[in-house]
Amino acid sequence: MHIHSLYLLEFWQWKTITLAYQTLGVVYGDLGTSPLYVYPTMNFKSPQGEDFLGTFSIIFWTLTLIGLAKYVFIVLHADDHGEGGTFALYSLLCQHLKTTIKGHKYGRMLSDSKLSHFSKTNEAESPTAFARFIERRKSAQRLLLFVAMLGTCMLIGDGILTPAVSVLSAMAGIATATPKINQSTVVWLSAAVLVALFLFQRFGTKCVSFVFSPIMAIWLVTTPLIGLYNIAIHYPQIYKALSPHYIVTFFQRNGKDGWLALGGTVLCITGAEAMFADLGHFTKSSIQVAFAFMIYPSVLLTYAGQSAYLVRHPGDHREAFYKFLPRSIYWPMFVVSTLAAIVASQGLISAAFSIIKQSIALDYFPPVTMVHTSQDKEGQVYSPQVNYCLMVLCLAVLFGFQGGPEIGNAFGVAVIWVMLITSSLITLVMLIIWRTPVILALVYITVYGTLEGVYLSSVLTKLREGGWFPFGIAVILALAMFSWHHGREKISDYEMINKVTVDSVDELFSRAAKQRVPGLCLFYTDLVHGVPPIMRHYVNNVRSLHQVIIFTTIRYVPVRTVLPDERFILERCGYAGVYRCVAQYGYMDVLEGEEFVSDVIEALAIFVASREDHEELDSDGDGAALVSDLWRAKAAGAVHVMAKADFRMSEERSGWFERLVLDGIYRFLRNNCQMPVAALKIAPQNVIEIGMMYEI
């Protein structure tokens, strides 16, 4: 037993180290390459050597307090079943609150024994005062949702800006060494690199990390060595800048200009948000190990070397990275930095895939194709639609701003907003879920609210100079998310109010009882209980029923694969030959039309032949006869009926905004999204779409 435990410990250690190495190429590219663009984006008018001692002190304490203390030791522990990001925090809070704002969260319906390790809720614990406050006030719930949406949309905006900033900063090295090359050429070269990067995404996280991690490892080893070289020959006393005293003197000497310079300094921590957002792609321990033992010391030594160089050459801060390189290794390091900048874009691209996946699971985003690229990690996903939208928007940013300082300004706004929102939501997690003493939660939000608030006050001065862009993206995305959720909520409410009750099922189906058509009908619906109102519309107009009708709901659960005995949840609907089936699939389960029909019929045959069901057969016949009917219906052929409800808005109850949201945005999204049943790959000749107009 002792040997077995040691073996497991050794296996866990090696797995953590391996995953920590892989995170270098996916999670930490942005944070690791931040020395490329921090000093160039700082608007010093006539800097002195001592200014860079103060700047390095700010960078050191920002990385220590936000990167190490906040994200590594606090935020990474607030995961939602292994997923991270703003919406994961919102989902986690909703699981511990009785809110009236709807969202189905993965649609989990597995038995408690199968999902016990997914749940953290302790039903025996009474809600805290903060939980009761939110539960009693719908305005507080809506504010919580708004904050989560804003953080999510800002993070997606960050994913658009990061590739442009990183690649452009690396490509600037060509112009530094070859003055004949103009900015337009640099922009076009950057665009070519970005297109190649986005086309590479389809190979998945594991393949990307396999290619990118060695590049980042080389970068993270060579740049601190160059930093140590610059410290030795330019300013060996740079270590004294670790004292906060130099931060105080920096602001005393520069005043308002020092405060405005924070808009560039904040970029030293960009990418820290990817540590949490990419949690689903890796493990908590691997991300923590990589930051603490590789990223943190490497980046600090690189900044220390740059600062030591700039103390002696303060006028070179616009080209700080390429100027502090020894001439003999300039071009090799240019190649390394360009490759590393490509890697830097990866963290937020992967995060965008994860965030969209979470939003779809919570029903706040229309379904898009999600390809699971790993058999072991549920969070490793790729979406072609999201990927190409990011690519188009990233290129638009690149050509729109032409590589000017506006990109850096927009970048800083997106980064600090995400971090401030994360701090706010983490405070709620502390108070509601972790039950942290109020005084400690207040210390946390005071420290980080003040630190990030000061940074925010600086970057907001750049709103007219590019800072508006992430806000514009956030508004558009938030409006789309709100419209989708509001439309789904309206239709769900209508179906719940107008569904066919168990008592009226017999009356409804008896109208078409004389016209039973041979064959099997799978009627797809989102309703898990009851018969959808569109079925009443179907019966009244078609006036016939198939021999066997199965109301089918497809749900996805956050496990690799669902066991056969947990695959289907079945029940009879109170009328001969009418059943309900909830089909559950994990992220690596494959859905195929013909095989799916066979599996459903086989499960139903076992269900109706079971002893428990015999007690409810009444006049429908014995179990053997019902089983025979099922197989006979399948042999006659299956038809798949897709319910597609539309709505007509009441003139009296809807204003212009409601019409914009439902008639405009929601209808456009619904008509262009991919429904879950699309994964079945059913032959078009076997599909019937039934429409109905709802009055809402």
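What you see below is based on every heavy atom in this structure, not just the backbone, and it leaves out hydrogens, waters and symmetry mates.
A 4.5 Å side-chain heavy-atom check between L460 and W417 finds at least one atom pair inside the cut-off. By the 4.5 Å heavy-atom criterion applied to side chains, V221 and M294 are counted as neighbours. The closest side-chain heavy-atom distance from I416 to L420 is not below 4.5 Å. V336 has its side chain out of reach of I215: every pair of non-hydrogen atoms, C-beta onward, lies at least 4.5 Å apart. Looking at heavy atoms from C-beta onward, S190 lies in side-chain contact with V186 at the 4.5 angstrom threshold. Between L428 and L144 the shortest side-chain heavy-atom distance falls below 4.5 Å. For the pair T62 and V266, the minimum side-chain heavy-atom distance is 4.5 Å or more. Counting heavy atoms from C-beta on, the side chains of F56 and L242 come closer than 4.5 Å.
Taking each heavy atom of L150 and A474 in turn, the nearest pair found is CD1-CB, 4.2 Å. For Q48 against P314, the heavy-atom pair with the smallest separation is C-CB, 4.1 Å. For the residue pair L68 and F73, the shortest heavy atom distance occurs at O-CD1, 3.2 Å. V38 approaches L267 most closely through the heavy-atom pair CG2-C, 3.7 Å. The nearest pair of heavy atoms linking S91 to D80 is OG-OD2, 2.8 Å. Of all the heavy atoms in M275 and V27, the pair that sits closest is CA-CG1, 3.7 Å.
A distance-only check finds no donor-acceptor pair linking the side chain of K323 to the backbone of Q306 [under 3.5 Å]. Without hydrogens or angle criteria, N387 side chain to F198 main chain gives a donor-acceptor distance under 3.5 Å. Between the side chain of S57 and the main chain of S243, a donor-acceptor pair closer than 3.5 Å is present. N254 contributes a side-chain N or O that, together with a main-chain N or O of F250, makes up a donor-acceptor pair within less than 3.5 Å. Side chain of S458 to main chain of W259: a donor-acceptor pair is present (N/O by atom type, distance under 3.5 Å, no hydrogens or angles). Using modelled atom types, one side-chain atom of R253 and one backbone atom of E50 make a donor-acceptor pair closer than 3.5 Å. Between the T265 side chain and the A261 main chain, a donor and an acceptor come within less than 3.5 Å of each other. Checking side-chain atoms of S213 against main-chain N and O of Y21 turns up a donor-acceptor pair under 3.5 Å.
Checked by atom type, the side-chain pair K240/Y235 shows a donor-acceptor distance below 3.5 Å. Checking T422 against E273 by side-chain atom types alone, no donor-acceptor pair falls below 3.5 Å. There is no side-chain donor-acceptor pair under 3.5 Å between T152 and Y90. Inspection of the W219 and S298 side chains reveals no N or O donor paired with an N or O acceptor under 3.5 Å. Side chains of Y303 and T55: no donor on one and acceptor on the other come within 3.5 Å. For the residue pair Y39 / S307, a side-chain donor-acceptor distance below 3.5 Å is found, with atom types taken as modelled. The closest side-chain donor-acceptor pair between S424 and T427, if any, does not fall under 3.5 angstrom.
In summary, the aromatic rings of W434 and Y444 are positioned with their centroids too far apart to meet the 6.0 Å limit. Aromatic pair F334/W331: centroids less than 6.0 angstrom apart. Between Y322 and Y330, the ring centre distance stays below 6.0 Å.
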(request) List the steps and the verdict of side chain to side chain contact (heavy atoms under 4.5 Å, CB included) for L325 and F321. (result) CA-CA 7 Å; L325 295 176; F321 180 78; 4.0 Å; yes

(request) Decide yes or no on side chain to side chain contact (heavy atoms under 4.5 Å, CB included) for D79 and L92, but give the supporting numbers first. (result) CA-CA 8 Å; D79 65 292; L92 186 64; over 6 Å; no

(message) Does V311 form a side chain to side chain contact (heavy atoms under 4.5 Å, CB included) with D51? I'd like the steps, not just the answer.
(response) CA-CA 8 Å; V311 167; D51 290 332; over 6 Å; no

(message) Using the rule given for side chain to side chain contact (heavy atoms under 4.5 Å, CB included), can you reason through D316 versus L310, listing the C-alpha separation, both sets of side-chain angles and the distance that settles it, and then say yes or no?
(response) CA-CA 7 Å; D316 289 344; L310 292 173; 4.3 Å; yes

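Between H313 and H234, the ring planes are perpendicular. Angles over 60° get that label, and only those under 30° would be called parallel.
With values rounded to the nearest 0.5 angstrom, I58 atom CD1 is found 5.5 Å from L262 atom CG. Taking CE of M149 as the reference point, atom CE of M154 lies at 14.5 Å (rounded to 0.5 Å). In this structure, CD on Q288 lies 8.5 Å from OG1 on T283, to the nearest 0.5 angstrom. Here CD1 of I160 is found 6.5 Å from CG of L477. Values are rounded to the nearest 0.5 Å. One finds the CG atom of L19 at 9.5 Å from the CD1 atom of I287 (value rounded to the nearest 0.5 Å). Once rounded to the nearest 0.5 Å, the distance linking CG of L220 with OG1 of T302 reads 8.0 Å.
Under a cut-off of 6.0 angstrom, the local environment of CZ in F130 is sparse, with at most 12 non-hydrogen atoms contributed by other residues, nucleotides or ligands. Under a cut-off of 6.0 angstrom, the local environment of OH in Y388 is crowded, with over 12 non-hydrogen atoms contributed by other residues, nucleotides or ligands.
Of the candidates V75, L89, I74, V429 forms a side chain to side chain contact (heavy atoms under 4.5 Å, CB included) with just one, namely L89.
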